[in-house]
Amino acid sequence: MDKYEQVIELAKRRGFLWNSFELYGGTAGFYDYGPLGSTLKRRIENIWRQFYVVREGFMEIETPTIGIEDIFVASGHVGGFSDPLCECEQCGEAFRADHLIEDYVAVADALTNEEVDEMISKYDICCPECEGKLGKAKEFNLMFETSIGPGNGKPGYLRPETAQGIFIDFQRLARYYREKLPFGVTQIGKSYRNEISPRQGVIRLREFTQAEAEIFIHPQEKTHPEITAVENDLIILYSDKAQERGELEEMTIREAIDNNIIAHEFLAYHIALTNRFLKRIGISPDKLRFRQHKKDEMAHYAIDCWDGEIKTSRFGWIETVGIADRTDYDLNAHTKMSKNELAVYIEYDEPKMVKKFAVKPDMGKLGPLFRKKAKDVAEALKQLGPEELEKDDDIKVLVNGEEVSVPKDVVSAEEVEEKISGETVVPHVIEPSYGIDRIFYTLLEHAYETEMAPTAEDEKEEERILLKFKSEIAPIQVAVLPLMKNSDELVNKGRQIVSNLKDMGLMVAYDDSGTIGRRYRRNDEIGTPYSVTIDYDTLEDDTVTIRERDTMKQVRTHVSDLEGNLEKLISGNMVFEEAGSPL
RNA sequence: GCGUUGAUGGUCUAGUGGCUAUGACUGGGGCCUUCCAAGCCCUAAACCCGGGUUCGAAUCCCGGUCGACGCACCA
């Protein structure tokens, strides 16, 4: 068994991950998070909230997982998120239809399927594999389609990313943040893509969890006020240029900015933040890198994009976080589609006085003269400069393609000084987008370890499986284990300690079944960082032992100190040796 | 979607036309047991689904589902 299989086997056996719909045979691309899995996932999400919502102040919102058609027409997902496929009728191979004809037409991906079919018969294009006849082009859209309401309700789609829900709330959100840039908004939730071929367990799913932040910044101000806090962080980069050389580079955030490796400071700050987050939850630093999208793989609207990639044993480096500068693409797209201006008005520090030539048509005279056309004529006149007005003849303007002659006396003009106190700005969007399920898997894999451990018998060792979770994310934080099950005093004491620890909000497991060694191993396997054992000394002097998962070492501590010590241990504010006297 | 390949208790696995389907680990109950999967007793639990061939199918054939790998795909 390779590591992937070992990890998945453990995850299945212990209740982290299960194939969905197993009872009915299962369906590819869907996974259930079991009891320990949901808990672990929630802990990852909560630390993410700690970073982005609490620390950065990007408030979280929740929008529907179903969206109406207009949203995805505007975002480009209806048109662009699908690929026309042609299947060979002879060998059955499927090809991208637009790729087949791109040698013959300039804009292959802009054609309808019917036009693609015409092209294929016109140029007599055959299957590149076997020269067989190609079938008709079929659209394969990666969005799940549904209809809203009864009958032929209006079309809807399951969202392919959480981001659009934030963009379309832009006006409300800008108002909430009192029209000031920058501001950020987050959302954690499910997204859906009808993948052609979901593979690799939880790496490519049809329903998956995203944690996304959309940060709206001034397009001319891409510095970051807190950059000094992270500029000395070391990161492993795999830039466009480094990829050509094929080697990773380690440098500080400051160096990456100064050498123009990362497009700008704001993006660099967020790469640093992602780096910190992934390390905080327990991703091995040596299996983490940031890879820059090459020019040709970047979405056409993005300026710069970096993927946080994590190394796995079977799949190599996998993309788990994308950090992109999406520019004003999405806001513009929704502005165009909805005919609502998605922008903010930014006041200048000092109002600017601007000299301007102003044409003032006399509407009292224009009206009777041109009647219905008067308004259009006035608009046309306003566009004119001084030289056109200073001619001796009547003024000639084009109105709706028709030349109109306007007497000079209906127009006056003057040089005015105008006060401009601000401007309308369409913000640029910086987007860190996390694939939580992928992070979940890599975390399991990086935490998974086996080692030889002593047994009760002398000289004999056995393999021990453990998940070395950071105590902050371990699903079960403390196990309480009475040494003997057949002693009512030990059991009662154990139950009382459990109750106290639960009151602290800890996730506690109580286990009195089997030998103590077996119970330790059970908890090692699910990554419980600490075990509290009640023994006969406890009944004498009210002390218990705390066992540390990774070292199997124990300390003895007084019950009155137990809660405080465990809290400090779990939050990382106490080293184990200080939690009691060594055994 | 195509090709290759596989699918047996919770997990791993034996069985390749023939009695109530093998074993280990795990789980549950008990005995014993004073700190790292000990021992003993009891117990629960499986042939992916649907057709076909056959007196008889977990086993052979066909189709489907799911998994792995390769191709394609991955805004």
Side-chain angles (χ1 to χ4, degrees), chain A residues 1-2 4-6 8-15 18-30 34 72 75-83 85-88 90-96 99 109 127-130 135 138 140-143 160-161 163 193-201 203-204 297-302 314 318-319 322 324 326 329 453-458 460-466 481-487 490 513-525 531-539 544-545 547 549 551-554 556 583:
Chain A
M1 279 214 287
D2 73 359
Y4 172 81
E5 282 174 287
Q6 291 177 320
I8 290 295
E9 189 268 313
L10 171 62
K12 202 190 277 184
R13 193 159 42 81
R14 288 301 194 187
W18 296 320
N19 271 305
S20 296
F21 324 127
E22 224 175 3
L23 186 64
Y24 290 104
T27 296
F30 298 92
F72 302 116
S75 71
H77 287 101
V78 168
F81 204 57
S82 64
D83 298 314
L85 290 183
C86 270
E87 251 177 61
C88 171
Q90 189 172 304
C91 69
E93 197 71 41
F95 303 94
R96 284 277 295 271
H99 289 180
D109 50 2
C127 169
E129 287 285 315
C130 72
K138 286 183 296 189
F140 190 88
N141 193 292
L142 260 31
M143 284 193 294
E161 59 176 8
R193 296 178 190 182
N194 201 0
E195 296 286 350
I196 299 172
S197 168
R199 288 280 176 86
Q200 307 169 330
I203 307 296
R204 168 161 291 142
E297 73 178 293
M298 204 150 32
H300 57 282
Y301 49 81
R314 185 186 277 198
I318 59 168
E319 171 195 341
R326 290 178 78 134
Y329 178 85
T455 66
E457 284 176 67
D458 286 345
K460 204 181 149 208
E461 290 200 321
E462 255 185 20
E463 191 179 69
R464 163 172 101 113
I465 297 174
L466 64 164
L481 316 170
L483 192 59
M484 287 298 144
K485 187 184 185 176
N486 56 9
S487 157
L490 292 181
S513 121
T515 62
I516 190 70
R518 180 185 293 276
R519 285 177 274 160
Y520 286 147
R521 294 301 162 80
R522 268 204 282 255
N523 279 291
D524 290 342
E525 211 176 47
S531 298
V532 172
T533 308
I534 294 106
D535 57 21
Y536 289 98
D537 290 353
T538 310
L539 304 177
V544 291
T545 67
R547 171 193 182 264
R549 175 197 63 209
T551 60
M552 299 190 282
K553 284 185 182 150
Q554 287 180 293
R556 183 166 282 278
L583 283 194

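Numbered from 1 within each chain, the chains take letters A, B, ... in sequence-line order.
Taking only distance into account, the side chain of A:R519 never meets the base of B:C36 through a donor-acceptor pair shorter than 3.5 Å.
The phosphate of B:G28 (OP1 or OP2) has a side-chain N or O of A:S513 nearer than 4.0 angstrom. Distances shown here put a side-chain N or O of A:R518 below 4.0 Å from the OP1 or OP2 atom of B:G27. When the side-chain nitrogen and oxygen atoms of A:R314 are compared with OP1 and OP2 of B:C69, one or more of them lie within a distance under 4.0 Å. Look at A:K485 and you won't find any side-chain N or O under 4.0 angstrom from OP1 or OP2 of B:C32. A:S197 has no side-chain polar atom (N or O) that falls below the 4.0 Å cut-off from OP1 or OP2 of B:C73.
If you check every strand for non-hydrogen atoms under 4.0 Å, A:Y4 touches sugar and phosphate atoms only. Residue A:E22 is classed as having no contact, given no heavy-atom separation below 4.0 Å to the nucleic acid. Nucleic acid contact for A:E525: base, since at least one base atom lies under 4.0 Å from a heavy atom of the residue.
With a glycosidic angle no more than 90° from 0, B:U16 adopts the syn conformation.
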field: Nucleotide-resolved protein contact map, nucleotides 44-51 of chain B, B/S/- at heavy-atom distance under 4.0 Å
entry: --------
field: Dot-bracket line, read 5' to 3' along RNA chain B, where crossing pairs take [ ] and | marks a partner on another strand, Watson-Crick or G-U under 3.5 Å
entry: (((((((..(((.....[....))).(((((.......)))))....(((((..]....))))))))))))....
